[in-house]
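To start, the structure itself, in structure tokens.
Sequence lines set the chain letters: A, B, ... in the order given, protein chains first and strands last, and positions in each chain run from 1.
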Number of protein chains: 2
Amino acid sequence: MTTSLHHRAIENLGTRIVSGNLPAGHVMLAEQLEVELKVSRSVIREAVRVLQSLGLVETTKRVGIRVLPPSRWNPFDPQVIRWRLASDARGAQLRSLAELRAAVEPAAAELAAQNAPAPLRLELVDVAYAMRDAGHNGEVPRFLELDIQFHSLLLSGSGNEMFANLMGQVAETLTGRTVHGLMPDHPHEAALQWHVDVAEAISRGDSAAARDASDRIMRRTMSQMSDTWTEQPRVFIPVRH
Amino acid sequence: MTTSLHHRAIENLGTRIVSGNLPAGHVMLAEQLEVELKVSRSVIREAVRVLQSLGLVETTKRVGIRVLPPSRWNPFDPQVIRWRLASDARGAQLRSLAELRAAVEPAAAELAAQNAPAPLRLELVDVAYAMRDAGHNGEVPRFLELDIQFHSLLLSGSGNEMFANLMGQVAETLTGRTVHGLMPDHPHEAALQWHVDVAEAISRGDSAAARDASDRIMRRTMSQMSDTWTEQPRVFIPVRH
DNA sequence: TGACACCGATGTGTGCAGACATCAAAACTC
DNA sequence: GAGTTTTGATGTCTGCACACATCGGTGTCA
């Protein structure tokens, strides 16, 4: 047994729901899931409880287990994000993540310039220069590794645990080339200098400069990636009064 | 019975863990929880499964149910947020949410100016003017209601489901006076005009102007509330390479 | 004698099967 | 149509078997 049964049940149902294979409104019965997944009732129940807490299903007596529409899902949950990245909505998920990152990183840079502990500032500067060297020397794998480290440091340096988790929880689960959807895979000359600018500004506590440089990086990244998720349909979640 | 047993168990354990009452590293036994909460094994097991998916605990055979440190918690989960708001870390949680909102809303305004459907733009303008009227007339409850509606519309108008969820999941849980921590309770004259500016800019598709006006609102809001969470200790989550 | 590898006892989560309780949708009665 | 009964699904409880990580004892070898 590689993973626990209930974990496999969660994966099975989660992927099917997020992919649209099990459409919103679809009703399942616990007993039916038992025979379909060939597991006992307790496994099904524990899996359903987790999916319920993610907003993927709801249970009603006398009805069964009903699949909820995407507007009810928790779009910040790492599992939901992973399932969406493996589905047809992959492009839309990458765009959402990129937009969130583009919004947050400049703010994180501003906060880091005000609050980050001294050792983190020093490490940030070191990594920025190492990035620049790696970029100039064409060491692509090393550059990618440093890039992730740089942005992780930046976000955690903000002292905001939600910012820190953006890279920490999300991009961490996206190993390897998946991150390429969020970051450019080969460095741009100006961007290399902008990373150094961000680090230096944070190092000297210049929050405005840190924000501006970070914003430049993000805007370039976005324009560089925008053609990747070509014309993914945007979904507008209605606001309930 | 108002709520289900497993839900009560989740609430009980969740609040105790997030409040620090059950410190990280503390190990519990399922059997012990049964007698303590006076519920059966299945209830405990389902509750533990949900807490596990939130990153609050981990289970190990031969050891028990171990409480995880805050760095492992999912800071975006609505339940975790609610539990933190009810704990000593309430100030830090409010600050984190406010910083996230301040980072996201200008970006959402920019996107809404580019992508929002026409009816939403019109509604946004209507709400902005209604807000201004309510503010001028000193109708505080109505103003607060319109304020929430305005920002909900703005975020969902971005077409980014993560942005849309910020108000939907977060501010929804902050009912009544809790909102006072996130929003000023009486309107400022300039801010009223800025809301109109945001709506008008989005209406005519001027993304830069929408972003600028929204940024002004956020900066004013942040400076207005920064003294509320006086000197909450910032927690820097270490980045693991 | 001491260090170390092995191995079985123990305790705990994991998974299973069956029973009864509860409650809301649906059918029924008036 | 309103109120009542029936029904069928989840909710809860319990006893059991199994998997497996940890601990401690035992044996071997230096």
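Spacing between atom CD1 of A:Ile65 and atom C1' of D:dT10 amounts to 8 Å, rounded to whole angstrom units. Per the geometry, CG belonging to A:Leu29 stands 14 Å off C1' belonging to D:dT7, to the nearest Å. We find that CZ of A:Arg62 is positioned 13 Å from P of D:dT6, with the value rounded to whole Å. Distance B:Leu37 CG to D:dC13 C1': 15 Å, rounded to the nearest Å. B:Arg8 places its CZ atom 14 Å from the P atom of D:dG11, with the value rounded to the nearest Å. Atom CD in A:Glu31 sits roughly 14 Å away from atom P in C:dA19 (whole-Å rounding). If you take CD of A:Glu34 and P of C:dG15, they are 14 Å apart, rounded to a whole angstrom. To the nearest angstrom, P of D:dA21 lies 14 Å from CZ of B:Arg66.
Remark: the backbone N or O of A:Gly55 is not paired with any side-chain donor or acceptor of A:Arg72 at under 3.5 angstrom.
In summary, of the residues considered (A:Glu34, A:Lys38, A:Gln32), a side chain to side chain contact (heavy atoms under 4.5 Å, CB included) with A:Glu36 occurs for A:Gln32 alone.
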Residue pair B:Phe163, B:Glu105: steps toward the side chain to side chain contact (heavy atoms under 4.5 Å, CB included) verdict
CA-CA 8 Å; B:Phe163 291 2; B:Glu105 274 216 22; over 6 Å; no

Show your reasoning for whether side chain to side chain contact (heavy atoms under 4.5 Å, CB included) applies to B:Arg49 and A:Arg49.
CA-CA 8 Å; B:Arg49 279 284 133 79; A:Arg49 280 282 126 77; 5.8 Å; no

After noting the C-alpha distance and the side-chain angles of B:Glu46 and A:Gln52, does the key distance pass the side chain to side chain contact (heavy atoms under 4.5 Å, CB included) rule?
CA-CA 11 Å; B:Glu46 290 162 24; A:Gln52 194 177 26; over 6 Å; no

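Counting heavy-atom neighbours within 6.0 Å of B:Asp88 CG, excluding the residue itself, gives a total of 12 or less.
Interface residues of residues 38-60 of chain B facing DNA chain D, ordered by number: B:Val39, B:Ser40, B:Arg41, B:Ser42, B:Val43; criterion, heavy-atom separation under 4.0 Å.
Of the candidate nucleotides D:dT10, D:dG8, C:dT14, C:dT14 has the atom lying nearest to any side-chain atom of B:Lys61. Minimum atom distance to the side chain of A:Leu5 is reached by C:dC16, of the listed D:dT22, C:dG13, C:dC16.
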